[in-house]
Amino acid sequence: MAARERAPSGSWPRLSKFVLSACAASVAELVTFPLDLTKTRLQIQGEAALKQHGEAGLAGPYRGMVRTAVGIVQEEGLLKLWQGATPAVYRHIVYSGVRMVAYEQIRDSPLGKGDSNVFPLWKSVVGGMMAGAIGQFFASPTDLVKVQMQMEGKRRLEGKPPRVRGVYHAFVTILSKGGIRGLWAGWVPNVQRAALVNMGDQRCEHYRSSPQCCCNRSLPSPLTLYRSVQKGERGTGYDADLTTYDTVKHYLLRNTNLKDNSICHSISSICSGLVAATLGTPADVIKTRIMNQPRDKHGRGILYKSSTDCFIQAVRGEGFLSLYKGFIPTWMRMGQHDLQRDSEATCTQLQQRLAR
C-alpha cells in the first residue's frame, strides 16, 4: 500500500509546477501591488543622502502608509497605484518559479534528505534561504526596473524629467549606461532580503490540511489525507522541518481548542509574516535606495558606493528605525505568499492523483 501511495518523483514535470506557481504569484502580486508601491515610496522619503547632495525633492514628504496611498491617488491618479506592475509580474514569474524548483532540487538531493529520507529543521532553513537567494538573483533586473518605474510619479511631482517610459525603455536605458552589470545594481541586499524572508517564512510546501509534515515520510494519497483530516487525527513527531508558520500552527492545534481551519491558518500566517518582515525589511530598504539612486553617465551610483555605505548613511542620517520604513505594508503583503504555497500544495495533490 505504501508503495502504491508513494508518488514517483518524475511523474509530474517541474515545468508544470513552475507555470502554476508563477501564475498564482502573478495574481497575488497584482492584488497587493498598491501596498508594494506605498512601501517603496515610504522607504525613499526622508532619504538623508539626497539632502547631503542637495537633491531633496520639492514635493512635501508623505507621512505614513494611509496618507501615502491617498496622496498618490489625489496627486497622480488611482491607476498610478499599479505603476510598475508589469515588471513586478515578470519578477514573480522568475523568482517564484526558480525558488520553488531550486528548493525541491535541494530537498531531494543527496545533501538534502540523504539516506535517512528525513529533511531536518536546519536543512529546511538553509535550503529555503538558498532557494530564495537563487531565485532573487535571477529576478533582480526586473526588481530594478520595478523600483524605478514606481518612483516616476514622484519624480514628475518634483519637476524632474522622466527617467523611464516603460519596461522595454527601462531595460534599454540601464543597459546603455551600465551594461549587463548595471541590471544587477542592488542585487546584494536584494538577495539578502530574499534569503532572510524565506528563512522567516519557511513552511511545509505540501499540505496545510494536515499538521503532519509530509517531508519526513512517504507522501500520503489525497484520499488517505482526506480521511485522516475528517477523523480529526493529529500527527506527532513529524514537525522537524517546520519553522515559524508550522511551529505556530502546531502550537495552536496542540495547546488550544482551535481546529485546523481558516482562523488557525490566519493566526499562523500573521506570525509568519511578522517574522519574515522583521528580518527582511532593513535589506529591502537598502535595496530600494540603491536601485533608485541617480547614476552618472557610466551607470555608477552617485549617492552610495555599496550596500554597507547605504546602511551607514541611513543609520547616521535618519536613525536606526529608518531601516524599517515601509514595515506595515511589507507585513501586510506577506499574505500573498499563502496563495503561492496553495498553488504548490495543489500541484503536489494533482501529482499524487495522477500517480494513482
Side-chain angles (χ1 to χ4, degrees), residues 14 17-18 21-26 28-29 32-33 35-36 39-40 43 84-107 124-150 167 170-171 174 178 180-203 205 243 272-273 275-292 306-308 310-311 323 326 329-331 333-334 336-341 343-344:
R14 281 193 166 89
K17 294 184 179 182
F18 183 104
S21 178
C23 290
S26 299
E29 179 67 26
T32 63
F33 190 78
L35 288 172
D36 187 69
K39 175 209 72 174
T40 301
Q43 291 174 341
T86 301
V89 170
Y90 295 162
R91 181 255 180 194
H92 265 292
I93 289 176
V94 177
Y95 170 74
S96 299
V98 173
R99 180 193 64 83
M100 184 188 67
V101 173
Y103 185 79
E104 288 189 348
Q105 291 280 9
I106 294 170
R107 185 194 63 202
S124 175
V125 173
V126 173
M129 293 178 69
M130 291 177 60
I134 294 170
Q136 190 57 70
F137 177 79
F138 283 100
S140 195
T142 56
D143 228 345
L144 174 63
V145 173
K146 181 198 73 171
V147 169
Q148 294 194 1
M149 291 184 66
Q150 286 178 327
V167 179
F171 276 113
I174 295 170
I180 295 294
R181 186 176 180 180
L183 290 173
W184 269 267
W187 73 269
V188 174
N190 210 10
V191 167
Q192 290 172 344
R193 175 196 172 275
L196 291 170
V197 166
N198 274 272
M199 179 180 71
D201 200 36
Q202 187 67 25
R203 73 181 73 172
E205 295 96 344
T243 51
S272 175
V275 173
T278 302
L279 292 173
T281 298
D284 195 37
V285 172
I286 302 301
K287 176 264 298 185
T288 299
R289 294 187 173 192
I290 290 179
M291 289 183 171
N292 183 65
S306 63
S307 301
T308 304
C310 181
F311 174 86
L323 297 176
T330 298
W331 184 11
R333 285 196 81 228
M334 290 299 171
Q336 73 166 322
H337 295 173
D338 300 333
L339 180 56
Q340 294 171 238
R341 289 180 177 85
S343 72
E344 295 173 22

Closest non-hydrogen atoms of Gly186 and Met291, given as atom of the first, atom of the second and distance, are O-CE, 4.1 Å
If I take atom CG from residue Leu279 and atom CZ from residue Arg193, how far apart are they, to the nearest 0.5 angstrom? 11.0 Å
Looking only at heavy atoms, which two atoms of Val197 and Gly280 are closest? And how far apart? CG2-CA, 4.1 Å
Thr142/Lys146 under side chain to side chain contact (heavy atoms under 4.5 Å, CB included): CA gap, chis, key distance, verdict: CA-CA 6 Å; Thr142 56; Lys146 181 198 73 171; over 6 Å; no
Just jot down the side chain to side chain donor-acceptor pair (under 3.5 Å) partners of Thr40, sequence neighbours excluded, or say none. Gln150
For Ser140, the side chain to side chain donor-acceptor pair (under 3.5 Å) test, sequence neighbours excluded, returns Asn190
How long is the span from the CZ atom in Arg99 to the CE atom in Met130, to the nearest 0.5 Å? 14.5 Å
Heavy-atom closest pair, residues Leu183 and Leu144: O-CD2, 3.7 Å
How long is the span from the CG atom in Leu35 to the CE atom in Met334, to the nearest 0.5 Å? 11.5 Å
Side chain to side chain contact (heavy atoms under 4.5 Å, CB included) evaluation trace for Lys287 with Asp143: CA-CA 10 Å; Lys287 176 264 298 185; Asp143 228 345; 4.0 Å; yes
Closest non-hydrogen atom pair between Trp187 and Trp184, with its separation: CD1-O, 2.8 Å
Under a 4.5 Å cut-off applied to non-hydrogen side-chain atoms, are Arg333 and Glu29 in contact? yes
Counting only heavy atoms not in Phe171, do more than 12 fall under 6.0 Å of its CZ? yes
Write down the atom of Pro189, the atom of Ser307, and the distance for their closest heavy-atom approach. CD-OG, 3.0 Å
Is it true that a side-chain atom of Arg289 and a backbone atom of Gln43 form a donor plus acceptor pair closer than 3.5 Å? yes
Quick check on side chain to side chain donor-acceptor pair (under 3.5 Å): which of Thr281, Asp284, Thr330 does Lys39 satisfy it with? Asp284
Would you check, one step at a time, whether the test side chain to side chain contact (heavy atoms under 4.5 Å, CB included) holds for Tyr90 with Val94? CA-CA 6 Å; Tyr90 295 162; Val94 177; 5.7 Å; no
Kindly determine whether Ile174 and Gln148 satisfy side chain to side chain contact (heavy atoms under 4.5 Å, CB included), including the steps that lead there. CA-CA 11 Å; Ile174 295 170; Gln148 294 194 1; 4.2 Å; yes
Quick check: closest heavy atoms across Phe138 and Val98, and the distance to 0.1 Å? CD1-CG1, 4.2 Å
